[in-house]
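In what follows, a structure is listed as structure tokens, so that the remarks can point back to it.
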Amino acid sequence: MIKKHILLASLALLSLYSCKKDEDEGQKIREMTEVIPENDRAIQAYLKSHYCELDGEGKVVLGSMEGHSDKTSLWDSPELKRKVIKVPDQHGNYIENTMYYLLLREGTGEQATVADNSFVLYKVQSLGGKVYDDGSHFAQRNWLDLLGAEANAYRGGTVVGFREAVALLKASASTSLTEERDGSLVYPTDSGIGVFFMPSGLTYYTGTTSIPAYSPLLFEINLVKTKRYDHDGDGIPSIEEIRHHQDGTITFPDCNGNNKVDYLDANPCR
Ligand SMILES: [Ca+2]
Ligand SMILES: [Ca+2]
């Protein structure tokens, strides 16, 4: 089981182009300008034909509108939000990707940032309901370094969409997780929970060994705890040493000009 957990956990840590399956097979990578509108249409169709609720135990329930005329579709929900995030295509042109999301439970604790070390429970599936990665029953190994230490916003850490999604949530206000005698954890009931619908540009564009290329994905994320990460241990949280822009892009200042970016450089500015 442990090995499986490690394999699954690593999925969220893959970068956008880390697995260039198409290229490896000698095929051309499809244009993001063509794929992303396709993904958007598929996501919109899903939102119009499904509803989403949180049950009494904090579990996300997604269902078809068929036979549920009493429910409100995700598309018609006043709570449905959008965030436009820019990611570079294979030519280096920045393409707008729209993430649709619904915050199902507002956490009572701290709001996360894209440079946090976060303890999350999550589930990744296709719009058709195929589950690729169910981390929702993990124990301690769900701590994820959202940004990573590669000084490249699109490599290392977690995929862009995941990082941006977590940063929209608030964690639980409780200070510790309770551990049962069998090692399982009792999760707080005040953590932030959301569902996020992501075009492939925000996740695994060219696919992974399990996720097909160009697939829009649905993420359920429960942010249990979050800590400001200090990658270089200089006492300044990484989020204060990078520039995270509204469109999801990140720039990396290097205040002393030694070619080591601030959040990975413990040397002072002067
Ligand atoms: Ca630092
Ligand atoms: Ca530096």
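On a predicted model such as this, the values are computed, not experimentally measured, just so you know. Only heavy atoms go into these numbers, but all of them, side chains included; no hydrogens, no water, no symmetry mates. Whatever order the structure lists ligands and atoms in, that order sets their numbers, starting from 1.
Within the structure, salt bridge (charged side-chain N to carboxylate O under 4.0 Å, His left out) contacts touching residues 73-83 (residues at least two apart or in different chains) are Lys83-Glu164.
At least one N, O or S atom of Ile236 sits under 3.0 Å from the Ca ion (ligand 1).
Taking 3.0 Å as the limit, the number of protein N, O or S atoms around the Ca ion (ligand 2) is 5.
Within Glu241, the N, O or S atom at minimum distance from the Ca ion (ligand 1) carries the name OE1. Looking at Asp230, its N, O or S atom nearest to the Ca ion (ligand 1) turns out to be OD1. Taking the Ca ion (ligand 1) as reference, the nearest N/O/S atom within Asp232 carries the name OD1. Of all N/O/S atoms in Asp234, OD1 sits nearest the Ca ion (ligand 1).
Formation of a donor-acceptor pair under 3.5 Å by the Asn117 side chain with backbone atoms of Tyr229 is not found in this model.
Under the 6.0 Å cut-off for aromatic ring centres, Phe219 and Phe196 do not qualify, their centroids lying 6.0 Å or more apart. Residues Tyr214 and Tyr205 place their aromatic rings such that the two centres sit under 6.0 Å apart.
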Practice prompt. List the steps, then state whether side-chain contact (heavy atoms from CB on, under 4.5 Å) holds for Leu74 with Tyr100.
Written response: CA-CA 10 Å; Leu74 278 151; Tyr100 297 83; over 6 Å; no

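The side chain to side chain contact (heavy atoms under 4.5 Å, CB included) test with Phe119 singles out one residue from Asn142, Leu144, Leu223, and that residue is Asn142. When each of Lys227, Lys225, Arg228 is tested with Glu110 by the rule salt bridge (Lys or Arg N to Asp or Glu O under 4.0 Å), just one qualifies, namely Arg228.
No side-chain heavy atom of Ile242 sits less than 4.5 Å from a side-chain heavy atom of His231.
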